[in-house]
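Pasting a structure below so you can have a look.
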Amino acid sequence: MAAGAAVAAGSAARPESPAAGAERSDPLAADEPGNTPSTAGAPGAAAPRAASKPATTATRESDRDKLLGAFAELEAAKDSTVRLESTPRLKVRMGGKILGSTPVTLTVPVQNLPVDLEFFDTGLGLSRSEQLTLKPGDNGTHRVVIPKGKLVFKLQEGVAVTVDGKAVGTTPLAPLSLYEGSHVVQLTRGEQKERRTLEISGEEPTELEFSFAEEE
């Protein structure tokens, strides 16, 4: 009976079965291939590397802006631009179309032929033709300056004078300052009338000499 009790006691002291021990953590298991331990949630563990999406997006946007800029420059090179100014202020006509009054910014497609322009003011009796050869892109400013000349009257007293449809007075009159170009002068004395077209030059005075027949 004593021996049997000893055997029973020894049986109770046996180690746990392999099935029960399998649940224990094996410190060497982490070193085996394919058994990398998870570090999620572990204090001090490095976070997974995030993809650099913002940098990539910025680079793409920069490349896109460069392409758009290059395209815009290419399109701009197909046009010629020039700013038109004048003294006095004049209207500008090109090919029968009035572009406006100076200053005017003119943009036309690049072409091998020169551009024909007319600067004019019917009220002042002014008309100046200009021919421009434009290069692609910005051609800066083209300025037209029309100088003034003097019209000297050598007329009888009492002659009413109208220049370009505007009354300027009755003789005797002081020399009249007019812009260079063609001007229409109307003379009236009583029932008599005389009409003259004069070319005024900025280099020297233009004289208008005329006498009406004396009325009986």
Q. Can you tell me how far NE2 of His183 sits from CD1 of Ile200, rounded to the nearest 0.5 angstrom?
A. 5.5 Å

**Q.** ILVMFWY network linking Leu173 to Val159, side-chain heavy atoms under 4.5 angstrom
**A.** yes

Q: Tell me, please, which residues at least two apart from Thr81 pass side-chain hydrogen bond (donor to acceptor under 3.5 Å, both in side chains).
A: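 By the side-chain hydrogen bond (donor to acceptor under 3.5 Å, both in side chains) rule, Thr81 matches Thr107.
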
Q) What pairs of residues pass the side chain to side chain donor-acceptor pair (under 3.5 Å) test when at least one of them lies in residues 94-103, not counting sequence neighbours? A) Ser86-Thr102

Q: Report the residue from Val185, Leu198, Val163, Thr206 that forms a side chain to side chain contact (heavy atoms under 4.5 Å, CB included) with Leu178.
A: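 Only one of Val185, Leu198, Val163, Thr206 forms a side chain to side chain contact (heavy atoms under 4.5 Å, CB included) with Leu178, namely Val163.
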
Q.
Under a 3.5 Å cutoff, is there a donor and acceptor pairing between the side chains of Glu130 and His142?
A. yes

(Q) Other residues, nucleotides and ligands only: do more than 12 of their heavy atoms fall within 6.0 Å of CD on Glu157? (A)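 Count not over threshold, so no.
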
Q.
Main chain of Gly137, side chain of Asn139: is a donor-acceptor contact present, judged purely on distance under 3.5 Å?
A. yes

Q) Which residues, ordered by chain and number, are linked to Leu106 in its hydrophobic cluster, where ILVMFWY side chains connect at heavy-atom gaps below 4.5 Å, directly or through other members? A)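 So far as hydrophobic clustering goes, Leu106 is joined with Val82, Leu84, Leu90, Val92, Met94, Leu99, Val104, Val108, Val115, Leu117, Phe119, Leu124, Leu126, Leu132, Leu134, Val144, Ile146, Tyr179.
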
Q. How far does CG of Leu187 sit from CG of Leu208, to the nearest 0.5 angstrom?
A. 5.5 Å

**Q.** For Ser201, all residues meeting side-chain hydrogen bond (donor to acceptor under 3.5 Å, both in side chains), sequence neighbours excluded
**A.** none

Q.
Once rounded to the nearest 0.5 Å, what's the spacing between atom CD of Glu209 and atom NZ of Lys154?
A. 6.0 Å

Q) How many angstroms lie between atom CD of Glu204 and atom NZ of Lys150, to the nearest 0.5 angstrom? A) 14.5 Å

Q) Looking only at heavy atoms, which two atoms of Ser182 and Thr197 are closest? And how far apart? A)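 Reported closest heavy-atom pair: OG-CG2, 3.4 Å.
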
Q | Distance-minimising heavy-atom pair for Thr170 and Ala160 | A | OG1-CA, 4.1 Å

(Q) Clusters formed by hydrophobic residues whose side-chain heavy atoms approach within less than 4.5 Å: which one holds Ile98, and what are its other members? (A)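 Ile98 shares its hydrophobic cluster with Phe120.
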
Q: Ignoring hydrogens and angles, state whether a donor on the side chain of Arg189 or Thr171 is under 3.5 Å from an acceptor on the partner side chain.
A: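 There is no such pair (donor and acceptor under 3.5 Å, judged by atom type) between the side chains of Arg189 and Thr171.
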
Q. CZ of Arg93 to OG of Ser127: how many Å apart, nearest 0.5 Å?
A. 7.5 Å

Q. Who are the ring pair (Phe, Tyr, Trp, His ring centres under 6.0 Å) partners of Phe212, not counting sequence neighbours?
A.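 Applying ring pair (Phe, Tyr, Trp, His ring centres under 6.0 Å) to Phe212 gives Phe210.
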
Q | Nearest atoms (heavy-atom pairs only) where Ala213 meets Gln192 | A | O-NE2, 3.1 Å

Q: For side-chain contact (heavy atoms from CB on, under 4.5 Å), just list the numbers for Gln156 and Glu214, CA-CA rounded to whole Å, side-chain angles, deciding distance to a tenth of an Å, and then say yes or no.
A: CA-CA 10 Å; Gln156 306 156 277; Glu214 293 295 337; 3.3 Å; yes

Q | Chi angles and distances behind the salt bridge (charged side-chain N to carboxylate O under 4.0 Å, His left out) call for Glu180, Arg128 | A | CA-CA 10 Å; Glu180 188 177 73; Arg128 173 71 63 85; 3.6 Å; yes

Q: Report yes if the side chains of Pro103 and Arg83 come closer than 4.5 Å at any heavy-atom pair, otherwise no.
A: yes

Q.
Using 0.5 Å steps for rounding, measure from the CG atom of Asp121 to the CZ atom of Arg89.
A. 10.5 Å

Q: For Glu203, look at atom CD and say whether over 12 heavy atoms of other residues, nucleotides or ligands are found less than 6.0 Å away.
A: no

Q. Going through the distances and angles, do Thr122 and Asp164 end up as a side-chain contact (heavy atoms from CB on, under 4.5 Å)?
A. CA-CA 8 Å; Thr122 53; Asp164 298 325; over 6 Å; no

(Q) Please evaluate residues Lys193 and Gln186 with respect to the criterion side-chain contact (heavy atoms from CB on, under 4.5 Å), reporting the C-alpha separation (whole Å), side-chain torsions for both, the decisive distance (0.1 Å), and the verdict. (A) CA-CA 7 Å; Lys193 295 183 179 182; Gln186 177 78 43; 3.6 Å; yes

